[in-house]
Amino acid sequence: MARTLVAAVAALVALMPARAGEWALALHGGAGVIERGRFAPGEEEAIRQALGRALERGRAILASGGTAVDAVEAVVVALEAAPQFNAGVGAALTSAGTTELDAAIMDGATRRAAAVTGVMTTESPVRLARKLMETGPHVFLAGAAADAFARAHGLPQVENGHFITPARRRMLEEIQKGGASAAFDLTLRFGTVGAVARDQAGNLAAATSTGGLTGKAPGRIGDSPIIGAGTVAENGACAVSATGSGEIFIRARAAGQICDRIRFGGQSAEAAANAVIADIGSLGGDGGVIVVDANGEVVFAMNAPGMYRAAVTSRSAPVVHIYADE
Ligand code: GLY
């Protein structure tokens, strides 16, 4: 993938203090080599509609005074159910041909957070993370213990095959034959879904869910469920959800670094997001981030040709974008 910084930062709302009652929401469905002309007929429109439906779930919650945590959870649940994205149904396969799902959620008001990794039978990993955050005392559960926690709390269970789509199986086969990148959008290799929000009370939240990397070793954990790498929310700073080459996002402490640049460095969300994406690139990583700051400013930043993304605020109409230059 190109290492050049494609730029692609969209500040959707002018940097001005948010007034009481204002809210903002952004989501992503993965970044990568997403270029015009690569889609099958109807595929691009189906992706845009799925992004728009997920956005509407969160918009309805925020517009009616709901919390940022409820909004990001609802958006990610919707994206997990959409087979186009690498999370829940349609998740990337491990080298063993199974899915091992990761998710995290964080409440910026309290800095409570929870994450799960290696989930194999819980229908919605982000709902599981939310349940763990509400229940405590632990912040991170793995594998069979995470699924057992979900069962004990009445969360719907499915066979692991429920998550596996023909497209993801073909992707694994191509990768195992050694020819994947030519034939497939790299988003299929390391996509992720996520959402960030600021609610009417000014509270921030973030959530991320992923199948990880196609062909990953069983047990591999990416950035998505690591608080401060792929997911973070801190009132007064920002909420971030990342997508991309997880190992690099972990090494860059990507999400936490963005909030630290805002909180301690006095940078704008746009400057902080761009700096961290440049840092990711310097380490050889690819991907993108969505950020909402304490003022409700929404920023997308990426170093890839495209990122499935959408946003809406109390001051701006919904937008759904795919390509970096949109
Ligand atoms: N960014 C998702 C992963 O690497 O697992």
Side-chain angles (χ1 to χ4, degrees), residues 1 27-34 72 76 79-80 82 84-96 98-106 115-120 125-126 128-129 140 142-143 146 163 168 171-172 175 180-181 184-196 206-232 240-258 273 276-277 279-281 283-291 300-304 306-309:
M1 186 180 298
L27 65 79
H28 69 80
V33 183
I34 308 170
V72 296
V76 172
L79 292 169
E80 287 176 337
Q84 295 94 346
F85 310 114
N86 176 8
V89 177
L93 304 191
T94 69
S95 60
T98 56
T99 60
E100 295 185 1
L101 309 177
D102 300 338
I105 192 164
M106 187 162 186
V116 291
T117 183
V119 170
M120 294 189 76
V126 76
L128 169 50
F140 207 167
F163 301 114
R168 295 296 181 192
M171 178 65 184
L172 177 64
I175 281 184
S181 57
F184 287 88
D185 175 348
L186 280 181
T187 297
L188 291 173
R189 187 161 152 74
F190 58 57
T192 290
V193 308
V196 294
T208 310
S209 184
T210 189
L213 197 64
T214 298
K216 68 183 182 182
R220 176 264 187 190
I221 303 169
D223 60 312
S224 305
I226 296 180
I227 301 301
T231 307
V232 87
V240 181
S241 176
T243 174
S245 30
E247 282 72 8
I248 305 294
F249 279 73
I250 293 170
R251 289 166 53 200
R253 302 169 295 105
Q257 191 191 147
I258 292 171
V276 169
I277 288 297
D279 190 28
I280 296 286
L283 292 172
D286 300 299
V289 292
I290 56 172
V291 184
F300 301 119
M302 72 200 84
N303 66 350
M307 178 162 75
Y308 301 131
R309 61 200 189 279

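Remember, it's 1-based here, ligands and their atoms both numbered in the order they're listed.
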- Does the N86 side chain pair with the main chain of G212, one donor and one acceptor, at a distance under 3.5 Å? yes
- If only atom types and distance count, is the side chain of Q257 paired as donor or acceptor with the main-chain N or O of V276 below 3.5 Å? no
- Query: Does ligand 1 have an atom under 4.0 Å from some heavy atom of G230?
  - Reply: no
- Answer yes or no: does an N/O atom from G244 fall short of 3.5 Å to an N/O atom of ligand 1? yes
- Residue pair T208 / S224, side-chain donor-acceptor N/O under 3.5 Å: no
- Message: For the 3.5 Å polar cut-off, considering only N or O atoms, please tell me whether L213 and ligand 1 meet it.
- Response: no
- Item | Matching residue for V116 among L128, L101, D102 - test: side-chain contact (heavy atoms from CB on, under 4.5 Å) | L128
- Task: Provide the number and element of each atom of ligand 1 under 4.0 Å from a heavy atom of T192.
- Result: 1 (N), 2 (C)
- Report the member of E247, E100, R220 with the shortest heavy-atom distance to atom 4 (O) of ligand 1. R220
- Measure the spacing between OG1 of T98 and NZ of K216 and express it to the nearest 0.5 Å. 8.0 Å
- Query: Which is closest to atom 3 (C) of ligand 1 in terms of heavy atoms, T210, T117, D223?
  - Reply: D223
- Item | Distance-only donor-acceptor check, side chains E100 and T94, under 3.5 Å | no
- Message: Out of all atoms in ligand 1, which are within 4.0 Å of some heavy atom of G222? Include the element for each.
- Response: 5 (O)
